[in-house]
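Read the numbers this way: they start at 1 and go in the same order the structure lists the ligands and their atoms.
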Amino acid sequence: MSKRLFIRTYGCQMNVYDSERIAESLAVHGWSRASSPEEADLVLLNTCHVREKAAEKVYSELGRLKRLRERRAAEGKELLLAVAGCVAQAEGAAMLERAPFVDFVVGPQAYHRLPELLARRERARGGQLATDFPVESKFDELPERSGEGRVSAYLSVQEGCDKFCTFCVVPYTRGAETSRPVRAVLEEARRLIELGARELVLLGQNVNAYHGEGPDGRSWSLARLLEALAELPGLVRLRYTTSHPKDMDEDLVRAHARIPQLAPYLHLPVQSGSDRVLAAMNRGYTADEYRRIVDRLRALRPDIALSSDFIVGFPGESEADFEATLRLVEDVGFAQAYSFKFSPRPGTPAAAMRGQIKESVKAERLARLQALLQAQADAFNRATVGRTLEVLIEGEGRYPGQLRGRTPYQQPVHLPADGLSPGDLALVTIVASHPHSLAGRRAGAERECRA
Ligand code: SAM
Ligand code: SF4
Ligand code: F3S
C-alpha cells in the first residue's frame with residue numbers, strides 16, 4: 001500500500017514551491033498526497049520564521065500533531081512528523097530538543113535529503129536533522145518536475161539574500177544569495193509548460209538580483225532571462241517576485257515595455273516612506289528614489305500596477321516618519337499591499353535597537369495604513385469594472401459552469417465558462433467588483449456571473 005503524505009505550508013511563495021518539490025521527490029519513493037493529517041503516515045510542516053506569529057503557529061500545530069501521533073500509537077500505528085522551512089533552519093537541533101517527538105528537521109537547502117533521512121529512520125530511532133547548506137545543490141538532486149500541472153506555476157530561480165535588512169531573518173534562514181543557471185531554469189520552464197503551465201511566476205527572495213550563468217558562460221540578468229523565457233512556445237504570461245527596489249535596474253524597467261508576456265504588475269516592497277527609517281532598516285534607497293523607480297516604470301509601461309510590503313512601528317519610528325509612509329502611499333497609489341507590525345526577530349540587529357515602539361502604537365498605525373491601502377485597492381478594483389482585460393483561466397469556479405482566472409493585475413475573476421477552459425487566455429469584460437474577487441463575462445457573451 002502506498003504511504004500517504006500531508007504537507008502544511010506557511011510563509012511565502014518560495015515555501016509553496018518547495019512543498020511541491022518535496023511532494024514530488026517523495027512521490028518517486030511511493031508517497032502519495034493525503035488531504036488531512038488524519039489520513040497521513042507522514043505530516044510535514046513547511047514553516048516560516050519571518051514574524052513571531054508565524055513561528056509560534058508551528059509549535060501550536062506541533063502540539064496538535066503530537067496528540068494525533070499518540071492516538072495513532074495507541075492503535076499500534078505510526079505517524080511520522082517532519083518540520084521543514086525557515087523555522088527548521090533557524091532552530092535546527094534546538095527544535096529536536098523542544099519537540100523531541102519530531103522525526104525530521106530539514107532546512108530549505110537540504111530537503112532533497114528527506115528520502116534518505118526516511119530510509120535512515122527505518123533503520124534507527126531518533127530525530128534526523130539536516131539543516132546544513134550542503135555543497136551539492138538541491139536542484140541537481142531533485143527529480144524532474146511532475147505533479148498535477150498548474151496553469152500558473154511557480155519556478156524558483158534565485159534563493160537566499162545578502163541584503164541583511166536589519167529586521168529580517170531571511171539571510172540567516174535561506175543563506176547567501178545564489179542564482180540557478182539559465183539552462184536549468186529553461187529546462188524546468190519547458191517541463192512545466194509540458195505539464196500545462198501557461199503562466200510562470202519566477203521566484204526569489206531577491207529575484208531581481210538574479211545573475212545566473214548563461215549558456216554563453218556569462219552572467220545573465222533577470223531581464224535577459226525573462227526574454228529567453230518569453231520565447232518559449234505555449235507561455236502566455238510571465239511574472240516575477242519578490243523584487244528589491246535597489247536591484248530595479250534600467251534594463252529590467254525597460255523589459256516591462258519590451259516583453260509583451262510580462263504582466264503589467266509588480267510587487268516592489270518599500271517598507272517605509274521615511275528616509276531615516278529606511279536607513280535604519282538598511283534598505284539602501286530613499287523614499288524619493290523609490291518614487292523615481294515607479295515614475296520610470298510608469299513612463300515606459302503606463303498601465304503597470306504596483307503592490308508593496310510595509311512595516312509599521314520599526315524601532316525609532318516617530319509619528320512624522322509614519323506620516324511620511326502615508327504620504328508615499330498617497331503619492332504612488334498601490335493596487336494591493338501587505339502591511340505588518342514590526343516583529344522583533346531573535347538575532348537580527350533591529351530586535352536589539354533602542355526605541356522599540358509600544359504595541360498599541362503599532363496597532364494604531366497599522367490600522368491607519370491599512371485603511372488607506374484598502375481604500376486604494378478597492379478603488380483600483382472598482383476602476384476595472386467595465387474594462388475588458390486578458391484573463392488567464394486557471395480552473396473551475398465555485399459553482400458548476402463557472403471558471404476562475406486572473407487579470408494581468410493578479411485579481412481573481414469568476415466568470416461563466418462560455419466555451420472556455422483552464423489554460424485559455426480570454427478577453428473578459430469585468431462586470432462587478434466584490435470584496436475578494438471580480439465578476440466577469442467573456443467579451444461578447446451576454447450572461448453575467450455569480451461571485
Ligand atoms: N525580500 C523581500 C523584500 O526585500 O522586501 C521580502 C521578503 S520578507 C519574506 C516579506 C515581508 O515580510 C517583507 O517585505 C517585510 O515587509 C515583512 N517582514 C520581514 N521581516 C519582518 C519583521 N521582522 N517584522 C515585520 N515584518 C517583517
Ligand atoms: Fe529580508 Fe531585506 Fe533580504 Fe528582503 S531584501 S529577504 S527584507 S533581508
Ligand atoms: Fe517565511 Fe522563510 Fe519565506 S521566513 S517568508 S518562509 S523565506
Side-chain angles (χ1 to χ4, degrees), residues 8-19 22 45-58 83-91 106-109 111 131 154 156 158-178 203-210 240-248 266-273 277-278 280-285 290 306-315 317 325 334 336-353 356-357 359 362-363 365-366 369-370 373:
R8 181 156 284 147
T9 306
Y10 304 85
C12 62
Q13 291 105 322
M14 304 219 52
N15 263 11
V16 175
Y17 174 87
D18 289 343
S19 290
I22 290 171
L45 304 182
N46 198 5
T47 61
C48 174
H49 201 239
V50 80
R51 282 170 293 275
E52 196 180 352
K53 255 198 196 141
E56 268 172 10
K57 272 191 210 154
V58 177
V83 180
C86 292
V87 177
Q89 188 63 45
E91 307 234 327
V106 287
Q109 304 306 337
Y111 62 72
T131 51
Y154 288 145
S156 278
Q158 179 277 335
E159 287 207 277
C161 182
D162 294 341
K163 297 277 191 300
F164 290 94
C165 300
T166 52
F167 53 79
C168 185
V169 291
V170 171
Y172 311 98
T173 62
R174 292 274 173 169
E177 194 189 299
T178 54
L203 299 181
Q205 267 87 20
N206 234 275
V207 72
N208 57 343
Y210 179 85
Y240 60 93
T241 197
T242 293
S243 294
H244 194 291
K246 226 173 127 180
D247 295 317
M248 209 60 220
L266 182 64
H267 183 61
L268 195 62
V270 64
Q271 313 299 355
S272 169
V277 173
L278 287 170
M281 286 177 164
N282 191 31
R283 289 292 289 182
Y285 53 84
Y290 184 90
L306 287 143
S307 78
S308 200
D309 291 345
F310 297 87
I311 295 178
V312 300
F314 186 82
E317 184 189 69
T325 301
F334 293 96
Q336 219 218 320
Y338 303 91
S339 43
F340 315 98
K341 287 187 275 189
F342 168 71
S343 169
R345 307 304 293 128
T348 60
M353 281 179 188
Q356 299 288 328
I357 305 293
E359 203 44 41
K362 287 186 196 171
R365 287 183 187 162
L366 186 66
L369 175 62
Q370 288 188 338
L373 290 167

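- For atom 7 (S) of ligand 3, the closest non-hydrogen atom of the protein is Gln205 NE2, 3.2 Å.
- Contact annotation: Arg174 has no heavy atom less than 4.0 Å from any atom of ligand 2.
- Within the 4.5 Å cutoff, the side chain of Thr241 has heavy atoms near those of the Gln13 side chain.
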Go through the steps for Thr131 and Gln89 under the test side-chain hydrogen bond (donor to acceptor under 3.5 Å, both in side chains), then give the verdict.
CA-CA 6 Å; Thr131 51; Gln89 188 63 45; 4.7 Å; no
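- Protein contacts to atom 1 (Fe) of ligand 3 involving N, O or S atoms at a distance below 2.8 Å are Cys48 SG.
- Tally of protein N, O or S atoms closer to atom 1 (Fe) of ligand 2 than 2.8 Å: 1.
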Should Ser19 and Asn46 be marked as a side-chain hydrogen bond (donor to acceptor under 3.5 Å, both in side chains) after you check the CA-CA gap, both sets of side-chain angles, and the distance that decides it?
CA-CA 7 Å; Ser19 290; Asn46 198 5; 3.0 Å; yes
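- Between Tyr290 and Tyr285, the ring planes are tilted. Angles from 30° to 60° get that label.
- Atom numbering of ligand 2 starts at 1 in the shown order; those under 4.0 Å from a heavy atom of His244 are 5 (S).
- With rounding to the nearest 0.5 Å, the separation of CZ in Arg365 from CD1 in Ile311 is 14.0 Å.
- Counting only residues at least two apart or in different chains, salt bridge (Lys or Arg N to Asp or Glu O under 4.0 Å) contacts with residues 166-177 comprise Asp18-Arg174, Glu159-Arg174.
- Taking 4.5 Å as the limit, some side-chain heavy atom of Asn208 sits within range of a side-chain heavy atom of Met248.
- Proximity of a side-chain donor or acceptor of Glu52 to a complementary backbone N or O of Ala54 within less than 3.5 Å is not detected.
- Within a 6.0 Å sphere centred on OH of Tyr338, heavy atoms belonging to other residues, nucleotides or ligands number 12 at most.
- A cation-pi contact, defined as under 6.0 Å to the ring centre and within 45° of the axis, is absent between Arg345 and Phe167.
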Please tabulate, one line per pair, the protein nitrogen or oxygen atoms found under 3.5 angstrom from a nitrogen or oxygen of ligand 1, with distances to 0.1 Å, or say none if there are no such pairs.
from: ligand 1; atom 1: 1 (N); to: Gln205; atom 2: O; distance (Å): 2.8
from: ligand 1; atom 1: 4 (O); to: Arg283; atom 2: NH1; distance (Å): 3.1
from: ligand 1; atom 1: 5 (O); to: Gln271; atom 2: NE2; distance (Å): 3.1
from: ligand 1; atom 1: 12 (O); to: Arg51; atom 2: NH1; distance (Å): 3.0
from: ligand 1; atom 1: 14 (O); to: Gln271; atom 2: NE2; distance (Å): 2.7
from: ligand 1; atom 1: 14 (O); to: Asp309; atom 2: OD2; distance (Å): 2.6
from: ligand 1; atom 1: 16 (O); to: Gln271; atom 2: OE1; distance (Å): 2.7
from: ligand 1; atom 1: 18 (N); to: Arg51; atom 2: NH1; distance (Å): 3.4
from: ligand 1; atom 1: 23 (N); to: Phe167; atom 2: O; distance (Å): 2.9
from: ligand 1; atom 1: 23 (N); to: Ser343; atom 2: O; distance (Å): 2.8
from: ligand 1; atom 1: 24 (N); to: Ser343; atom 2: N; distance (Å): 2.9
from: ligand 1; atom 1: 26 (N); to: Arg51; atom 2: NH1; distance (Å): 3.4

Under the side-chain hydrogen bond (donor to acceptor under 3.5 Å, both in side chains) rule, what do Lys163 and Asn282 come out as? Steps first, then yes or no, please.
CA-CA 8 Å; Lys163 297 277 191 300; Asn282 191 31; over 6 Å; no
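- Looking only at side-chain heavy atoms (C-beta outward), Phe342 and Phe340 stay at 4.5 Å or farther from each other.
- Considering CE of Met281 and OG1 of Thr166, their distance stands at 7.0 Å, rounded to 0.5 Å.
- Within the 4.5 Å cutoff, the side chain of Leu369 has heavy atoms near those of the Phe310 side chain.
- Rounded to the nearest 0.5 Å, atoms SG (Cys165) and CZ (Phe314) are 9.0 Å apart.
- From the protein, the heavy atom lying nearest to atom 4 (Fe) of ligand 2 is Arg283 NH1, 4.2 Å.
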